[in-house]
Amino acid sequence: MSRADHAPFVPGRWGAGHRARAAGATQPDRPGSSRAVTRTLSEDPLGGTVRRTVLPSGLRVLTEAIPAMRSVSFGIWVAVGSRDETGPQSGAAHFLEHLLFKGTRKRTALDISAEIEAVGGETNAFTTKEYTCYYARVLDEDLPLAIDVMCDLVADSLLEPADVETERGVILEEIAMHDDEPGDEVHDLFTRAVYGEHPLGRLISGTEETVTAMTRRQIQDFYRRRYVAPEIVIAAAGNLDHATVVKLVRQALRGTPLDTASASPAAPRPNRPAVRTKSATTLVESKETEQAHVILGCPGIDRLDERRFALGVLNNVLGGGMSSRLFQEIRERRGLAYSVYSYASQYADSGVFAVYAGCAPGKLDEVLELTRAELRRVATDGLTEAEVARGKGMSKGSFVLGLEDNGSRMSRLAKGELLYGDLAPVDELLSRVDAVTVADVNTLAAELLSRPMSLAVVGPFDRGDFAGA
C-alpha cells in the first residue's frame, strides 16, 4: 500500500458543460433512474473510445478501449480521503485502505493476492487527502478476474478484529519508517505550517496516538458511511469492451452493500468556502541528519482556478526540471544541493506552491537566500517569452507522454469524473496550455510569489536558527 499527496501539475477540466458536447450519447443522462445510463464521452485520436455508464445506485463506470494493448488497468476510486476525518479518526482512510485487502466473505487475504499474482497481475492501493484508489493491472484476458477480486475487496471486506490488530502494527511501523525519512517528513511539516489543525494539515497516515487508539468499530463505521455507491468511480483502460466491463461490475457487486437503491452520483467536492490558511510561519524538526531538508512556500490556488494552466508553466520554468531557474542556479552553477525543485499541490478549495531543497546543513542559509532571491526576481521581473514557450512545451509534453500507459489513462478517467465531474479531451487541454500568455504567467507570478512564505526544515537545527527567516 502507499500514500500519496503532493504531485506534479496536471491540467484539469476544460470547463463546465463539456458533457453537453459529448458525442454519441445513447440516451439522456438521468442519474438516479432505475436503469443504467450509458454515454460515449469521446473518441480521442490519441487513444480509444471513452464511455461512461451511471448505474442505478449512482456508481459510475468509465472505460477507455485501446485495442492495440494486451493489458488492462482497472481501478476503484472512492471520494474519501484524510481530510474527511475528524481529529480522533485521523488515519482512518489509510487504515481502511490496508484492511480491505485482508479478506471478504468470499476470499481470504491470501486468496486476494494469490488469484491476481497467479495470472501475473499486480494490485495496490493508495490514500490521498481527498480520495482513495484501489487498482489492478492484468492481461486483457484476465480482466474478469480482476474486476471480481477488486470489487469484492472494496465492497464486502470483513474487517476482522484480528486483522485490525495486525494492520495496526503494520501501520505503526509505516509511520515510524516515514519518520526516518526526513525528505518525506519535511513535506508533512510544511503542510502543517500552511494548514495548521485543518484536516488538510494532518498526516494521511494519522499519528501513532490516533492509530493506536482507533477501534474496529470506528473504522467499520467510517467504511459503511463513506464507501457508498454515489461516491465511487470505477475506471478501466486497455483492451476491453465497455458493455462487458459494466456487466461484470454489476455481477461482482450484486448482493453487496454497494448494490443499493437508486441514487444520483455525488457531485465533485465543492471549492467554496476556501480553506483558511495560517499566517506565514517557521516549523523546525530537529534531527541529527547528514542532509538538511527545507521547503519554502505559500498558499496557492485550487484545482478549479482558471490560472492553473499558467501555474503549470510558471512551475516548470521556476523549478520543474533540469533546465529550470532554481536547478541551474543552485545545483548546476553553485553545486549547493543535489535536489532542488518547485511543485504545486491543488485541492478542491485550496492549494500550495513551494520549493524543496536538500543540501548539507552548512549550506542551507545560502540555499535559502538564493531561493528567496529567485522568487523575488520572478515576482518582480517575470519570465521571458522564451521561458514561457519552454514551460508550455514541458506542460504539453509531460501530459501527453504521461498517457502512454493504460494506468495513466485509467487515472485520467477517474480523476476527471471524481474531481471535476468532467473529462476534457486531450486536444482541448493542450489548447488551454497553448493559450497561456506571458502576461498570464507574470501576473500570477507577481501575486503568488509575493505572498508571505512559510518555512519547514528538518535537520540539525532548532527554531532559533531561523529567527530572522
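Position 1 is the first residue of the sequence; numbering continues from there.
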Report task. For the pair Y356 and V340, evaluate side-chain contact (heavy atoms from CB on, under 4.5 Å) and give the outcome as yes or no after the intermediate values. Result -> CA-CA 6 Å; Y356 163 87; V340 56; over 6 Å; no
Requested in this report: Dump the intermediate steps for salt bridge (charged side-chain N to carboxylate O under 4.0 Å, His left out) on K396 and D434, then the final yes or no.
Outcome: CA-CA 8 Å; K396 294 192 297 180; D434 274 332; 2.8 Å; yes
Report task. Start with the C-alpha distance between T191 and V352, add both sets of side-chain angles, then the distance that settles side-chain contact (heavy atoms from CB on, under 4.5 Å), and finish with yes or no. Result -> CA-CA 8 Å; T191 303; V352 296; over 6 Å; no
Requested in this report: Start with the C-alpha distance between R202 and R192, add both sets of side-chain angles, then the distance that settles side-chain contact (heavy atoms from CB on, under 4.5 Å), and finish with yes or no.
Outcome: CA-CA 7 Å; R202 299 192 197 124; R192 180 152 58 90; over 6 Å; no
Report task. May I have the step-by-step check of ring-ring contact (aromatic ring centres under 6.0 Å, His included) for Y341 and F327, ending in yes or no? Result -> CA-CA 7 Å; Y341 59 86; F327 191 93; over 10 Å; no
Query - Steps toward salt bridge (charged side-chain N to carboxylate O under 4.0 Å, His left out) verdict (K363, E366) - result: CA-CA 6 Å; K363 298 178 180 178; E366 188 175 0; over 6 Å; no
Query raised in the report: What do the steps show when you test M410 against V72 for side-chain contact (heavy atoms from CB on, under 4.5 Å), and what is the final call?
Result: CA-CA 9 Å; M410 180 271 288; V72 179; over 6 Å; no
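A donor atom on one side chain and an acceptor atom on the other are found under 3.5 Å apart for D188 and H178. A donor and an acceptor atom, one from each side chain of D163 and T166, are nowhere located under 3.5 Å apart. T132 and E97 form no side-chain donor-acceptor contact under 3.5 Å, judged by distance and modelled atom types alone. Side-chain atoms of N315 and S342 form a donor-acceptor pair, as typed in the model, at a separation below 3.5 Å. No hydrogens or angles considered: nothing links the side chains of E185 and H293 as a donor-acceptor pair under 3.5 Å. Looking at S71 and N239, their side chains never bring a donor and an acceptor atom within 3.5 Å of each other. Checking S350 against Y195 by side-chain atom types alone, a donor-acceptor pair falls below 3.5 Å. Remark: the D405 side chain and the S408 side chain contain an N/O donor-acceptor pair separated by less than 3.5 Å.
At a threshold of 4.5 Å between non-hydrogen side-chain atoms, the residues C151 and I76 count as touching. Counting only heavy atoms from C-beta outward, the side chains of E122 and I116 never approach each other to under 4.5 Å. Here the side chains of E285 and V186 are not in contact, with every heavy-atom distance at 4.5 Å or above. Within the 4.5 Å cutoff, the side chain of V457 has no heavy atoms near those of the L283 side chain. Between L62 and V233, some side-chain heavy-atom pair lies under the 4.5 Å cut-off. No side-chain heavy atom of T215 sits less than 4.5 Å from a side-chain heavy atom of I219. In this structure the side chain of V378 never reaches within 4.5 angstrom of the side chain of T380, judged on heavy atoms. Looking at heavy atoms from C-beta onward, I295 lies in side-chain contact with H187 at the 4.5 angstrom threshold.
Ring geometry for W77 against Y131 counts as tilted: the plane angle lies between 30° and 60°, on a 0 to 90° scale.
Contact check on D84 versus R269 returns a salt bridge, with a Lys/Arg side-chain nitrogen under 4.0 Å from an Asp/Glu carboxylate oxygen. In summary, R226 and E231 do not engage in a salt bridge, as defined by a charged side-chain N under 4.0 Å from a carboxylate O. Between R60 and E417, at least one side-chain N (NZ, or NE/NH1/NH2) sits under 4.0 Å from a carboxylate O, which counts as a salt bridge. With respect to R432 and E306, a salt bridge is recorded, a charged nitrogen being found less than 4.0 Å from a carboxylate O. Salt-bridge check for E130 with K415: failed, with every basic side-chain N at 4.0 Å or more from each acidic carboxylate O.
Formation of a donor-acceptor pair under 3.5 Å by the T210 side chain with backbone atoms of G206 is not found in this model. Remark: the backbone N or O of A176 is not paired with any side-chain donor or acceptor of D179 at under 3.5 angstrom. Side chain of T212 to main chain of E209: no donor-acceptor pair is present (N/O by atom type, distance under 3.5 Å, no hydrogens or angles). Checked by atom type and distance alone, the side chain of Q220 never pairs as donor or acceptor with a backbone atom of L159 at under 3.5 Å. Remark: the backbone N or O of V194 is not paired with any side-chain donor or acceptor of T277 at under 3.5 angstrom. A donor-acceptor pair is defined here as one N or O able to donate and one able to accept, closer than 3.5 Å; no such pair exists between the side chain of S157 and the backbone of L153. For the pair D302 (side chain) and D305 (backbone), a donor-acceptor distance under 3.5 Å is present.
Residue E197 places its CD atom among 12 or fewer non-hydrogen atoms of other residues, nucleotides or ligands, all under 6.0 Å distant. In E208, the CD atom is not crowded: 12 or fewer heavy atoms of neighbouring residues, nucleotides or ligands sit closer than 6.0 Å. Atom CZ of R70 has 12 or fewer neighbouring heavy atoms from other residues, nucleotides or ligands inside a 6.0 Å radius.
The nearest pair of heavy atoms linking Y134 to A125 is CD2-CB, 3.6 Å. N124 approaches F101 most closely through the heavy-atom pair O-CZ, 3.9 Å. In terms of heavy-atom proximity, S82 sits nearest to A93 at N-CB, 4.3 Å. Shown here for L240 and V245, the closest heavy-atom pair between the two residues is CB-CG2, 4.2 Å. Taking all atoms of both residues into account, the shortest heavy-atom contact from G382 to R325 is O-NH2, 3.6 Å. Residues E387 and V317 share a closest heavy-atom pair of O-CG2, 3.2 Å.
Atoms CG and CE, on L96 and M214 in that order, are 10.0 Å from each other to the nearest 0.5 Å. Separating the CG atom in L449 from the CD atom in E447 is a distance of 10.0 Å, to the nearest 0.5 Å. One distance of note links CE of M322 with CD of E332; it measures 5.5 Å at 0.5 Å rounding. Separation of atoms CG (L455) and OG1 (T281) is listed at 9.0 Å; rounding is to 0.5 Å. In this structure, Q218 CD and E85 CD are separated by 11.0 Å, a value rounded to the nearest 0.5 Å. Note that the CZ atom of R334 and the CD atom of E329 stand 4.5 Å from one another [nearest 0.5 Å].
Aromatic ring centroids of H94 and F126 lie 6.0 Å or more apart. The ring of Y135 has its center no closer than 6.0 angstrom to the ring center of F74.
Partner of D349 under the salt bridge (charged side-chain N to carboxylate O under 4.0 Å, His left out) criterion, chosen from K129, R272, R83, R303: R83. Only one option out of S324, S398, S395 pairs with N316 in a side-chain hydrogen bond (donor to acceptor under 3.5 Å, both in side chains); it is S395.
Because its NZ or CZ atom is both nearer than 6.0 Å to the ring centre of Y338 and within 45° of the ring axis, R331 counts as a cation-pi partner of that residue.
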